[in-house]
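This is a predicted model, so every value here is computed, not measured.
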Amino acid sequence: MIRPAPLTKAFFDRSVHAVAPDLIGATLMVDGIGGTIVEVEAYHHTDPAAHSYGGRTPRNAVMFGPPGYAYVYRSYGIHWCLNFVCEEEGSASAVLIRALEPTAGLKEMQRRRGIDEVQLLCSGPGRLCQALGITKAHDGMALDRSPFELRARAGEPAIAVGRRIGITKAAEEPWRYGLAGSRFLSRPFRSQGPSIR
DNA sequence: CAGTGGATGCTCT
DNA sequence: GAGCATCCACTGT
């Protein structure tokens, strides 16, 4: 059996618009718990919706560092959100991880989330961070080392494209990517949507 | 289902 | 003091 290749820093050393769709179908684990990435959003440094758009601050500092690191921030005072920092001409871009299909550590995820429904364990950026135990402590950690474990997808899945969720600036940009037809998305994509691959 | 509003904390102006 | 890259509970069909 062929084991999928680990995602190295070189994988993230590309445009965020290339990395984001390539993450669909990849495996994300934290301390052995996680699943398949089924939904992400790209935030380019020239994008008004990106946290880095207004320049470097203490919160977004990791985005201005090298690619292949986790950027974690607090959302609405309650939730954590996980991003993967990418390279774009030495600037500050990142991919927001929005949903996983849980495959490993279901019982622990259910305990952390306080629910049993597998469908709702990781279907949303806040939910998946709670399920995987991601907090501010993971901000700035390398993605190619423990506790993170990332593996490339096998095959070429059909990828749905649509507008990003929950933002007001540049809301019309089609920079949300999902595994077409997945039951684990945070929200469905419009119809079959425009699809790539 | 769709729509609404509250919880809650931190960052930046 | 405003504004969130969210989630959940609740309402009304």
Asks: Please report the distance, rounded to the nearest Å, between CE in A:Met63 and P in B:dT11.
Replies: 16 Å

Asks: Rounded to whole Å, how long is the line connecting atom CG of A:Leu185 with atom P of C:dA5?
Replies: 21 Å

Asks: Report which part of the nucleic acid A:Arg164 touches: base, sugar-phosphate, or nothing (heavy-atom distance under 4.0 Å, all strands).
Replies: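 Nothing, no nucleic acid heavy atom in range.
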
Asks: Roughly, in whole Å, what's the span from CD in A:Gln119 to P in C:dC8?
Replies: 13 Å

Asks: Is the charged tip of A:Arg59 near the ring of A:Tyr71: under 6.0 Å from the six-membered ring centre and within 45° of its axis?
Replies: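 No, cation not above the ring by the 6.0 Å, 45° rule.
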
Asks: In this structure, how many angstroms lie between the C1' atom of C:dA5 and the CG atom of A:Leu128, rounded?
Replies: 12 Å

Asks: Ignoring the backbone of A:Tyr76, work out which of C:dA5, C:dT6, C:dC8 is nearest its side chain.
Replies: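 Ranking C:dA5, C:dT6, C:dC8 by closest atom to the A:Tyr76 side chain puts C:dT6 first.
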
Asks: Using atom CD of A:Glu117 as one end and atom P of C:dC8 as the other, report the distance to the nearest whole Å.
Replies: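 The answer, rounded to whole Å, is 11 Å.
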
Asks: Step through the shown structure and confirm whether more than 12 heavy atoms of other residues, nucleotides or ligands are within 6.0 Å of NZ on A:Lys107.
Replies: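 Open.
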
Asks: Decide if the gap between the ring center of A:Tyr43 and the ring center of A:His51 is smaller than 6.0 angstrom.
Replies: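 Centroid separation for A:Tyr43 and A:His51: 6.0 Å or greater.
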
Asks: From the list C:dA5, C:dT6, B:dT8, which nucleotide is the closest neighbour of the side chain of A:Ile165?
Replies: C:dT6

Asks: Would you mind telling me which of C:dA5, B:dG9, C:dT6 lies closest to the side-chain atoms of A:Arg74?
Replies: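 Looking only at side-chain atoms, A:Arg74 lies closest to B:dG9.
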
Asks: Measure from the side-chain heavy atoms of A:Ile78 and tell me the nearest of C:dC8, B:dA7, C:dA5.
Replies: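 Closest nucleotide among those given: B:dA7.
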
Asks: Does OP1 or OP2 of C:dC8 have a side-chain N or O of A:Arg113 closer than 4.0 Å?
Replies: yes

Asks: Can you tell me the distance, in whole Å, between the CG atom of A:Asp47 and the P atom of C:dA5?
Replies: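 It works out to 11 Å between those atoms.
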
Asks: Taking atom CZ of A:Arg113 as the centre, report whether more than 12 heavy atoms of other residues, nucleotides or ligands fall under 6.0 Å from it.
Replies: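 It does: A:Arg113 CZ has more than 12 such atoms within range.
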
Asks: Rounded to whole angstroms, how far apart are CH2 on A:Trp80 and C1' on C:dT6?
Replies: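 Checked: the CH2 to C1' distance equals 14 Å.
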
Asks: May I ask you to say whether A:Asp22 pairs ionically with A:Arg153, meaning some side-chain N is under 4.0 Å from a carboxylate O?
Replies: yes

Asks: Find the distance A:Ile167:CD1 to C:dG3:C1' and express it as a whole number of Å.
Replies: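 Atom-to-atom, A:Ile167 to C:dG3, this comes out as 15 Å.
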
Asks: C:dT6, C:dC4, C:dC7: which one has an atom nearest the side-chain heavy atoms of A:Arg127?
Replies: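 Of C:dT6, C:dC4, C:dC7, C:dC7 is nearest to the side chain of A:Arg127.
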
Asks: Looking only at the side chains, is there a donor atom on one of A:His17 and A:Ser15 sitting less than 3.5 Å from an acceptor on the other?
Replies: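 No, no side-chain donor-acceptor pair sits under 3.5 Å.
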
Asks: Nearest to the side chain of A:Pro125, which nucleotide is it out of C:dC4, C:dA5, C:dC7?
Replies: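 Given the options C:dC4, C:dA5, C:dC7, the side chain of A:Pro125 is closest to C:dC7.
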
Asks: A quick test of your reading: do over 12 heavy atoms of other residues, nucleotides or ligands sit less than 6.0 Å from CZ of A:Arg14?
Replies: yes

Asks: Could you provide the dot-bracket string of DNA chain C, using ( ) for intrastrand pairs, [ ] for crossing pairs and | for bases paired to another strand, with Watson-Crick or G-U pairs below 3.5 Å?
Replies: ||||.|||||||.

